[in-house]
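So the structure is just underneath, and the comments pick up after that.
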Amino acid sequence: MQPGCGPHALSERLAIVSDIHANLDALDAVLADIDRIGADRIVCLGDMVDVGPRPVATVERLRARCDVIIGGNHDPLDESPQTEFLADLAAWTRDQLAPPLRPWLSALPAEAVIELDGASVWCVHGSPWSTTDSVLPSTPQTQLRAWMAGRQHDVLACGHTHVQLCRRVDDTVIVNVGSVGMPFLEPIDGHRPPVVLPWAEYAMVTSDAGLTSIDLRRVPYDQDQLRRTVGDSGMPHGEQWLATIRKRTWQRR
């Protein structure tokens, strides 16, 4: 249903993006999809930069388009990467992000609450406790309840894992919106490189007088253009980064 149609003309849509990781080509495809569908607001759950080829342009695009932005664990660029690959990319990203962008990224809030036509959407990056916690299909209900203790919201929206999911805990729907820039085939285990899927992911939350629905979306984008973007960027380990992306095996009919 398009905004403004049907019996409940006040229904609202919230587009939620996360984990862009400086992949501007994927972000622009997602924004085009959001514009096509229509959204009243856009929120970003963080990890805008690091690892990908276009950090400055990605931040500028998100600042121009998003109504709310919170911080992820990669945005301050103060982590200690565990591999030479990630350390080189973090150092290169710092060099690209001249002031005042780096202080702005470091000062982003850790959470936000969006009121959406009678529904409350609690936005975090990892979990309500930490940007590095992971909400997974295997996360025990007891842990999820502990993270949400003392708070009552209709939707808890998160990212960080790069894997989409939707779960219900009591009266709250938990949605992991996946990753715009690097959606993973499965949660990373720290023992092998991730397999990156050849599309972009985000979520659309619609509330109609407090009744919410969740749409987990996949958006195709031009992988050949991404390869050109990486080559033009001068980012270190560009070919290694591209090699993590699984070849597309399906076609639109």
Side-chain angles (χ1 to χ4, degrees), residues 17-31 42-66 68-110 124-126 130-132 134 159-162 177-184 188 190 192-202 221-245:
V17 301
S18 188
D19 297 274
I20 300 90
H21 289 288
N23 186 344
L24 185 65
D25 296 301
L27 175 60
D28 281 343
V30 163
L31 291 173
I42 303 174
V43 60
C44 175
L45 304 184
D47 276 10
M48 292 173 278
V49 299
D50 205 11
V51 186
R54 296 290 301 280
V56 174
T58 297
V59 171
E60 290 174 346
R61 186 83 84 249
L62 289 163
R63 292 178 73 177
R65 293 298 310 272
C66 292
V68 175
I69 300 175
I70 65 174
N73 57 299
H74 281 265
D75 294 314
L77 292 168
D78 58 4
E79 290 189 321
S80 298
Q82 297 179 348
T83 67
E84 180 182 358
F85 172 82
L86 292 174
D88 290 346
L89 284 167
W92 178 82
T93 301
R94 288 190 196 96
D95 290 341
Q96 304 300 305
L97 293 168
L101 285 182
R102 283 165 58 184
W104 178 81
L105 287 165
S106 296
L108 286 168
V124 300
H125 180 72
S130 171
T131 59
T132 57
S134 295
H160 183 61
T161 68
H162 297 218
V177 305
S179 169
V180 170
M182 298 177 64
F184 292 163
I188 194 167
R192 55 186 174 178
V195 175
V196 178
L197 300 171
W199 55 71
E201 296 179 343
Y202 77 103
Y221 68 101
D222 190 338
Q223 296 294 305
D224 291 332
Q225 177 57 50
L226 176 61
R227 180 170 291 275
R228 291 191 291 270
T229 298
V230 170
D232 293 342
S233 71
M235 65 181 283
H237 309 298
E239 286 300 319
Q240 184 180 349
W241 187 82
L242 288 167
T244 65
I245 303 175

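Please read all numbers here as calculations on a predicted model, not as lab measurements.
Pairing each heavy atom of Ser18 with each of Leu45, the nearest pair is OG-CB, 3.5 Å. Residues Val30 and Ala200 come closest through the heavy atom pair CG2-CB, 3.6 Å. Nearest heavy atoms, Pro55 versus Thr93: CB-CG2, 4.0 Å. The minimum heavy-atom distance between Trp92 and Pro53, with the atom names listed, is CH2-O, 3.3 Å. Here the closest heavy-atom approach between residue Ser134 and residue Thr161 is recorded as CB-CG2, 3.6 Å.
Within the 4.5 Å cutoff, no side-chain heavy atoms of Gln96 are placed close to those of Arg102. Here the side chains of Val56 and Leu97 are in contact, with some heavy-atom distance below 4.5 Å. A heavy-atom distance below 4.5 Å is found between the side chains of Leu86 and Val51. Between Leu24 and Thr58 the shortest side-chain heavy-atom distance falls below 4.5 Å. Taking 4.5 Å as the limit, some side-chain heavy atom of Leu226 sits within range of a side-chain heavy atom of Trp241. Looking only at side-chain heavy atoms (C-beta outward), Leu31 and Ile42 come within less than 4.5 Å of each other.
His74 NE2 to Asp47 CG: the interatomic distance, rounded to the nearest 0.5 Å, is 5.0 Å. Here Arg94 contributes atom CZ and Leu89 contributes atom CG; the two are 11.0 Å apart, rounded to the nearest 0.5 Å. To the nearest 0.5 angstrom, Asp75 atom CG is 7.5 Å from Cys44 atom SG. How far CG of Asp25 is from CG of Leu27: 9.5 Å, rounded to the nearest 0.5 Å. Taken to the nearest 0.5 Å, the CE atom of Met182 stands 12.5 Å off from the CD1 atom of Ile20. Between Leu108 atom CG and Ile70 atom CD1 the span is 9.0 Å, to the nearest 0.5 Å.
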Starting from the C-alpha separation in whole Å, work towards a yes-or-no answer on side chain to side chain contact (heavy atoms under 4.5 Å, CB included) for Val196 and Phe184.
-> CA-CA 5 Å; Val196 178; Phe184 292 163; 4.0 Å; yes
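Within the 3.5 Å criterion, the main-chain N or O of Gly178 finds no donor-acceptor partner in the side chain of His162. One N or O on the side chain of Ser179 and one on the backbone of Asp19 form a donor-acceptor pair closer than 3.5 Å. Asn23 places a side-chain N or O within donor-acceptor distance of the main-chain N or O of Gly181, the cut-off being under 3.5 Å. Looking at Ser106, its side chain never comes within 3.5 Å of a backbone N or O of Pro103 through a donor-acceptor pair.
A search for ring-ring contact (aromatic ring centres under 6.0 Å, His included) contacts involving His160 returns His125, not counting sequence neighbours.
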